[in-house]
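Take a look at the structure below.
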Amino acid sequence: MAILIEVNSDSFVAEVTNIDLRVPLSESEFSDIHSAFNRYAILVFRGQPLTDEQQLAFSRWFGPLEAAPNYAGTALRLRNEFTDISNLDHAGKILDPQDRLTAYNLGNQLWHTDSSFKRRRAKCSLLSAREVPQHGGETQYADMRAAYDALPHKRKLEIDDLVAEHSIAHSRSRIGFDGFNDDTVTGLPPVPQRVVDHYPESGRTSLFLASHASHIIGWHREQGRALLDELIDFATQPQFVYTHRWAVDDLVVWDNRCTMHRGRPYDLTERRVLHRTTVSDALTSFHERASADQRLLTSPMPVGGRNV
Ligand code: OGA
Ligand code: MN
């Protein structure tokens, strides 16, 4: 039977049923899934008890996977294609709330988009729920295409060509985490990302914001910071937000280029275990995308500066 795509009342979330992601997909099944992904940005699959291998196999349909380097510098529980969205230590025991890794993980409770601080940003993330707490621990998603559409025309013109600087050191410093070693800091220098981007696959334009964005290039820091905060507040108003309440064996796939997300608090003494795979954006870095973008090349020099 063909897969079914049902749209939740939130128009950027679709639920995909009649599919078993543990078995290999056909090209045509993936093509339906990918069209829905481009159209809706968030896909929810329920009742998918995946092994890590099965999650990897499904994730690879979307493109090349990112490796998840050891940013926090602690021993890891999962192999390096996975980001560990859990409160467990490398041995599978619940972390002490005072642990450095707990502090690092709390950064995921700020609105962000995965890997915006990397030169090659992420296309999508796939998060598989293995154990969930009784209360809390939801993940919220904000629709940054709808938010862009809803901006006043004048605001759109002001921000269309701006470029923000993103870095993981910045977002973690916002929660008071300064435990990076020098290799992490030098290995992940700040990167430029356009604040507004157009996506031919969906025909939509989106904001691209994140806790990792520190300021607007070419602007006074405080002025750029204020603009980013204002846009994040605007884009995360309730009408743009979907809250996913996890059940074990849910898999949620989201487009990092046109959504933001954040984890919600929960009782850290209860186990919450989700495994994430992350797919790289095929149109690699800002520089490569910029040279492919005729609009950027032919428009007058933006206030934010193009030579970044
Ligand atoms: C993620 C993420 C937050 C959470 O999976 O990338 O930021 O705790 N998750 O659900
Ligand atoms: Mn994340």
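This chain uses plain numbering: 1 for the first residue, then up along the sequence. Owing to the predicted nature of the structure, the values given are computational and were not obtained by experimental measurement.
- Taking the six-membered ring where tryptophan is involved, the planes of Phe45 and Phe58 are perpendicular, since the angle between them exceeds 60° and thus also 30°.
- Inspection of the Thr243 and Glu138 side chains reveals no N or O donor paired with an N or O acceptor under 3.5 Å.
- The closest side-chain donor-acceptor pair between Thr278 and Asp114, if any, does not fall under 3.5 angstrom.
- Contact annotation: the side chain of Trp61 never approaches that of Ile33 to less than 4.5 Å [non-hydrogen atoms, C-beta and beyond].
- Residues Arg204 and Asp149 share a closest heavy-atom pair of NH2-OD2, 3.0 Å.
- Of the candidates His261, Arg264, His244, Arg264 is the only one forming a side-chain contact (heavy atoms from CB on, under 4.5 Å) with Gln140.
- Within the 4.5 Å cutoff, side-chain heavy atoms of Lys123 are placed close to those of Phe37.
- Side-chain atoms of Glu81 never come within 3.5 Å of backbone atoms of Leu56 as a donor-acceptor pair (strictly under, hydrogens ignored).
- The local environment of CZ in Arg262 is crowded, with over 12 non-hydrogen atoms from other residues, nucleotides or ligands closer than 6.0 Å.
- What you find for Leu110 and Ser171 is that their closest heavy atoms are CD1-O, 4.0 Å.
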If you apply the rule side-chain hydrogen bond (donor to acceptor under 3.5 Å, both in side chains), what do you find for Gln193 with Ser116, and how did you get there? CA-CA 8 Å; Gln193 304 284 9; Ser116 74; 5.7 Å; no
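- In this structure, Arg155 pairs ionically with Glu230, as a charged nitrogen and a carboxylate oxygen lie closer than 4.0 Å.
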Where do Arg46 and Val16 land on the side chain to side chain contact (heavy atoms under 4.5 Å, CB included) test, with the steps shown first? CA-CA 8 Å; Arg46 299 185 202 272; Val16 185; over 6 Å; no
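- A heavy-atom distance below 4.5 Å is found between the side chains of Trp111 and Val241.
- There is no path of hydrophobic side-chain contacts, each under 4.5 Å, that joins Leu188 to Val191.
- Between the side chain of Thr113 and the backbone N or O of Asn256, at least one donor-acceptor pair lies under 3.5 Å.
- A ring-centre distance under 6.0 Å is not found for Tyr141 and Phe12.
- The closest side-chain heavy-atom distance from Trp219 to Leu162 is below 4.5 Å.
- Geometrically, Arg145 does not engage Tyr199 in a cation-pi contact defined by less than 6.0 Å to the ring centre and at most 45° from the axis.
- Listed for the Ser35 side chain is a donor-acceptor partner under 3.5 Å among the backbone atoms of Ser31.
- Minimum heavy-atom separation, Glu270 to Asn87: O-ND2, 2.7 Å.
- Val13 and Val44 make their closest contact through CG1-CG2, 3.9 Å (heavy atoms, listed as atom of the first residue, atom of the second, distance).
- Under a hydrophobic-cluster definition in which Ile, Leu, Val, Met, Phe, Trp and Tyr are linked whenever side-chain heavy atoms come within less than 4.5 Å, directly or via other members, Phe208 and Phe117 are assigned to different clusters.
- Looking only at distances, a side-chain donor or acceptor of Thr259 sits under 3.5 Å from a matching main-chain atom of Asp255.
- A single hydrophobic cluster is seen to contain both Leu43 and Val7, as judged by linkage of ILVMFWY side chains at heavy-atom distances under 4.5 Å, directly or through other members.
- Counting heavy atoms from C-beta outward, Val196 and Leu207 have side chains that approach closer than 4.5 Å.
- Phe234 places none of its side-chain heavy atoms less than 4.5 Å from the side chain of Leu209.
- Here CG of Leu126 is found 12.5 Å from CG of Leu274. Values are rounded to the nearest 0.5 Å.
- Arg194 places a side-chain N or O within 3.5 Å of a backbone atom of Asp160 that can act as its donor or acceptor partner.
- Residues meeting the side-chain contact (heavy atoms from CB on, under 4.5 Å) test with Ala103, sequence neighbours left out: Phe177.
- Taking CZ from Arg276 and CD from Gln55, the interatomic distance works out to 10.5 Å, rounded to the nearest 0.5 Å.
- Side-chain contact check for Leu268 versus Tyr266: some heavy-atom pair is nearer than 4.5 Å.
- Between the OG atom of Ser11 and the OH atom of Tyr242 there is a distance of 13.0 Å, given to the nearest 0.5 Å.
- From Arg272, atom CZ reaches atom CD1 of Ile85 across 8.0 Å, with rounding to the nearest 0.5 Å.
- When hydrophobic clusters are built by joining Ile, Leu, Val, Met, Phe, Trp and Tyr residues whose side-chain heavy atoms come closer than 4.5 Å, directly or via intermediates, Phe82 is not grouped with Val273.
- Once rounded to the nearest 0.5 Å, the distance linking CZ of Arg245 with OG1 of Thr139 reads 11.0 Å.
- Relative orientation of the His112 and His212 rings is perpendicular, given thresholds of 30° and 60° on the angle between their planes.
- Here His215 contributes atom NE2 and Ser167 contributes atom OG; the two are 9.0 Å apart, rounded to the nearest 0.5 Å.
- In this structure, Lys93 places its NZ atom where only 12 or fewer heavy-atom neighbours from other residues, nucleotides or ligands lie under 6.0 Å away.
- Heavy-atom minimum distance, Asn38 versus Ser202: O-CB, 3.4 Å.
- Under a 3.5 Å cut-off, the side chain of Asp99 and the backbone N or O of Asp96 do not form any donor-acceptor pair.
- Of all heavy-atom pairs between Asp89 and Arg77, the closest is O-CD, 3.3 Å.
- Between the side chain of Arg22 and the backbone N or O of Thr51 there is no donor-acceptor pair closer than 3.5 Å.
- Listed for the Arg225 side chain is a donor-acceptor partner under 3.5 Å among the backbone atoms of Ser214.
- Between Leu88 and the choices Ile94, Leu78, Leu101, Leu95, the side-chain contact (heavy atoms from CB on, under 4.5 Å) rule is met once, by Ile94.
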Check the pair Lys118, Asp281 against salt bridge (charged side-chain N to carboxylate O under 4.0 Å, His left out), reporting the backbone distance first and the verdict last. CA-CA 11 Å; Lys118 292 186 188 166; Asp281 190 358; over 6 Å; no
Worked verdict on Asp197 versus Tyr148 for side-chain hydrogen bond (donor to acceptor under 3.5 Å, both in side chains): CA-CA 10 Å; Asp197 237 328; Tyr148 176 81; over 6 Å; no
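- Listed by chain and residue number, nothing satisfies the side-chain hydrogen bond (donor to acceptor under 3.5 Å, both in side chains) test with His135 (two or more places apart in sequence, or in another chain).
- Glu66 and Ser280 form no side-chain donor-acceptor contact under 3.5 Å, judged by distance and modelled atom types alone.
- Taking 4.5 Å as the limit, some side-chain heavy atom of Pro265 sits within range of a side-chain heavy atom of Gln109.
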